[in-house]
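A quick write-up on the structure given underneath.
Side chains included, hydrogens not; waters and symmetry mates left out as well; all remaining heavy atoms used. Residues: numbered from 1 along the sequence shown. Remember, predicted model here, so these are calculated numbers, not experimental data.
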Amino acid sequence: IKFTFYSSGGNGMKLTTYKFKGIESVGAIIDNEKLIIDLANAEKTLARREKRPCSSYFTDMLTLLEAGSKGRTATRKIVRSVLEKLHSSSKLDPRNTHPINKVRLRPPVPNPRKVFALAGNYQDHIEEGGGKMDAQDKETPRVFMKPPTTTVIGMGDRILIPPVARAIDWEGELAVVMGRRAKNVKSKDALKYVAGYTVMNDVSERKLLIKKRTEDRPQDGWFDWLNGKWLDTFAPQGPWIVTTEDIPNPQTLDISTYINGERKQHNNTRQMLYPVADIIQYISTIITLEPGDLISTGTVSGVGNTTGTYLKPGDKVEIEISKIGILRNSVAASKK
């Protein structure tokens with residue numbers, strides 16, 4: 001009997017981090033996204049059955065990603081064993097699986113070491129505000145970073161608008177999850193270092209003003225733009241990582257962003273000025289990429305800044321990427 005890992009029928013996996021009864025665990029999504037496997041508990045069950053030591057890959061997502069091919073092999077074995085029980089109508093151990101509607105999904109990698117993002121990686125986004133694409137836009141990518149410990153939130157978490165914010169915008173993006181250390185890798189080899197892909201919202205404050213200045217210099221405006229990317233909760237991610245077996249080519253994915261049910265953004269990753277492999281090559285010449293690092297690859301046209309429409313408390317944001325799923329977040333005001 002051939003068992004598939006989830007509804008797409010591929011050989012990949014959907015991996016995420018979740019909370020159940022206050023305990024944070026690493027899970028795999030199965031059964032048409034209806035069930036989540038507690039990988040640590042299921043591994044204990046499988047190890048007892050096979051009379052072998054229990055592996056320690058499943059304490060958290062970073063540990064699993066750092067385990068590389070050994071961790072992926074162990075995960076597939078666990079998923080297959082649970083699926084065999086599911087398809088044979090055997091009773092599933094309630095310690096090993098949970099209905100997905102009974103858990104709280106966390107960011108797939110709740111504690112990434114680094115979060116990178118790209119500005120101006122789609123021509124339509126560069127030009128939607130009246131700008132014109134220059135030759136330099138195709139010569140070097142514009143890479144910046146977001147603080148990983150305070151910007152990253154997960155599925156269902158709230159995007160918070162603080163008092164200093166005046167114009168909060170959405171940016172639906174494909175995010176790369178690194179699976180291996182990468183330094184000075186070539187573009188032709190770069191995708192071998194990727195664990196999988198998830199959805200990210202590069203939330204942006206477009207008119208950040210913390211203190212008035214006597215005069216705005218060009219560099220001041222640039223730092224205002226950059227600092228506007230750093231506010232707390234401004235890097236929602238999820239709902240899970242789809243491993244590369246099911247997305248061998250990341251340049252084939254549709255991206256759509258919906259605000260309160262209305263589609264605002266829509267394009268395909270084939271339109272990237274710098275495809276994923278080239279981005280990894282570029283960043284890895286500057287800094288070592290590590291397992292669990294995230295690279296958000298830029299947004300498409302349809303951001304709110306073009307029309308002066310910004311996020312407000314109560315708004316619902318949904319970002320959908322084909323072959324991955326939908327990241328959902330609400331918006332709320334913050335007192336600080």
Side-chain angles (χ1 to χ4, degrees), residues 112 114-146 148 151-152 169-178 182 185-188 190-191 193-194 196-206 221-222 225-230 234-237 242 244 247-257 263-287 289 293-306 317 319-324 327:
K114 300 186 286 294
V115 176
F116 298 92
L118 264 71
N121 198 28
Y122 289 82
Q123 182 174 347
D124 67 340
H125 177 51
I126 293 173
E127 295 179 343
E128 69 173 321
K132 184 178 180 182
M133 194 168 76
D134 299 320
Q136 293 90 337
D137 289 319
K138 291 186 176 181
E139 292 172 352
T140 52
R142 287 173 281 178
V143 182
F144 61 96
M145 298 181 74
K146 288 196 165 210
T151 60
V152 173
D169 208 347
W170 58 84
E171 294 192 15
E173 306 190 359
L174 172 70
V176 181
V177 182
M178 297 302 297
V185 302
K186 300 300 181 186
S187 180
K188 64 182 178 64
L191 296 185
Y193 293 80
V194 176
Y197 303 92
T198 191
V199 184
M200 178 165 149
N201 187 353
D202 176 19
V203 184
S204 306
E205 159 54 45
R206 304 294 191 189
W222 186 87
W225 174 90
L226 179 63
N227 296 162
K229 301 282 190 174
W230 292 353
F234 273 29
Q237 295 165 16
V242 174
T244 54
I247 306 179
N249 180 4
Q251 309 309 144
T252 61
L253 308 175
D254 287 328
I255 301 176
S256 295
T257 300
R263 188 164 75 177
K264 299 290 189 179
Q265 294 185 287
H266 181 65
N267 206 331
N268 188 281
T269 56
R270 73 173 67 92
Q271 300 298 328
M272 286 184 190
L273 298 177
Y274 299 94
V276 169
D278 291 352
I279 296 168
I280 292 170
Q281 174 178 289
Y282 183 82
I283 295 176
S284 71
T285 62
I286 304 167
I287 188 170
L289 290 165
D293 285 355
L294 290 125
I295 307 170
S296 203
T297 55
T299 200
V300 303
S301 64
V303 298
N305 198 48
T306 305
V317 184
I319 302 172
E320 181 175 15
I321 299 183
S322 56
K323 298 186 180 179
I324 299 178
L327 171 65

- request: Measure from the side-chain N and O atoms of Ser284 to the backbone N and O of Ala182, and report whether any donor-acceptor pair falls under 3.5 Å.
  value: no
query: Does the pair Lys264/Glu128 count as a salt bridge with the N-to-O cut at 4.0 Å?
result: no
message: I need the Gln265 CD to Ile255 CD1 distance, nearest 0.5 Å.
response: 8.0 Å
- prompt: Does Glu171 offer a backbone N or O that forms a donor-acceptor pair with the side chain of Asn201 under 3.5 Å?
  reply: yes
- request: Decide yes or no for Pro112 and Val152: does some side-chain heavy atom of the first lie under 4.5 Å from some side-chain heavy atom of the second?
  value: yes
task: For residues Pro236 and Val203, report the shortest heavy-atom separation together with the two atoms involved.
output: CD-CG2, 3.7 Å
query: Could you go step by step and tell me if Tyr197 and Ile321 meet the side chain to side chain contact (heavy atoms under 4.5 Å, CB included) rule?
result: CA-CA 10 Å; Tyr197 303 92; Ile321 299 183; over 6 Å; no
Ser322: side chain to side chain donor-acceptor pair (under 3.5 Å) partners, not counting sequence neighbours: none
message: Keeping Thr297 on the side-chain end and Ala175 on the backbone end, is there a donor-acceptor pair under 3.5 Å?
response: no
- request: Keeping the roles fixed (side chain from Asn121, backbone from Met272), state whether a donor-acceptor pair exists under 3.5 Å.
  value: no
- request: Report yes or no: does Lys146 contribute a side-chain atom to a donor-acceptor pair with the main-chain N or O of Phe234 at less than 3.5 Å?
  value: yes
field: Side-chain heavy atoms of Phe116 within contact of Ile283, under 4.5 Å
entry: yes
- request: Measure the spacing between NZ of Lys114 and CG of Asp293 and express it to the nearest 0.5 Å.
  value: 3.5 Å
message: Treating Trp230 as the side-chain partner and Thr151 as the backbone partner, does any N or O pair qualify as donor plus acceptor under 3.5 Å?
response: no
- request: State whether the side chain of Ser296 and the backbone N or O of Leu294 hold a donor-acceptor pair below 3.5 Å, judged by distance alone.
  value: no
message: Quick check: do Leu191 and Thr244 have side-chain heavy atoms less than 4.5 Å from each other?
response: no
task: Flag the pair Leu289 / Ile295 as yes when at least one side-chain heavy-atom distance between them is below 4.5 Å, and no otherwise.
output: yes
Pairwise side-chain contact, Pro141 with Asp278, heavy-atom cut-off 4.5 Å (strictly under): no
query: So do His125 and Val300 actually touch side chain to side chain, heavy atoms under 4.5 Å?
result: no
field: Reported CE-to-CD distance for the pair Met200 and Gln237, which is rounded to 0.5 angstrom
entry: 5.5 Å
query: Is there a side-chain contact between Leu327 and Thr198, using heavy atoms and a 4.5 Å cut-off?
result: no
- prompt: Is there a donor-acceptor contact under 3.5 Å from the side chain of Ser187 to the main chain of Gln281?
  reply: no
message: Is it the case that the side chain of Asp169 and the backbone of Asn305 share a donor-acceptor pair, with hydrogens and angles ignored and the cut-off at 3.5 Å?
response: yes
query: Has the side chain of Tyr274 got a donor or acceptor atom that lies under 3.5 Å from a matching backbone atom of Ile280?
result: no
message: Between Val176 and Ile279, is the side chain to side chain contact (heavy atoms under 4.5 Å, CB included) condition met? List the steps.
response: CA-CA 10 Å; Val176 181; Ile279 296 168; over 6 Å; no
task: Only counting residues at least two apart or in another chain, list the ones meeting ring pair (Phe, Tyr, Trp, His ring centres under 6.0 Å) with Phe144.
output: Trp225
message: Return the CD1 to CZ distance between Ile126 and Arg142, rounded to the nearest 0.5 Å.
response: 5.5 Å
statement: In terms of heavy-atom contacts, Ala117 and Asp202 come closest through CB-OD2, 4.4 Å
message: Within this structure, what is the CG-CH2 distance for the pair Asn227 and Trp222, rounded to the nearest 0.5 Å?
response: 8.5 Å
- line: Here the gap from His266 atom NE2 to Asp124 atom CG, rounded to the nearest 0.5 Å, amounts to 11.0 Å
query: Can you list the residues that meet the side chain to side chain donor-acceptor pair (under 3.5 Å) rule with Asn268, with sequence neighbours excluded?
result: Asp254
query: Taking side chain as C-beta onward, heavy atoms only, is Thr257 less than 4.5 Å from Thr299?
result: no
query: Which pair of non-hydrogen atoms, one from Ala190 and one from Ala277, has the smallest distance, and what is that distance?
result: CB-O, 3.5 Å
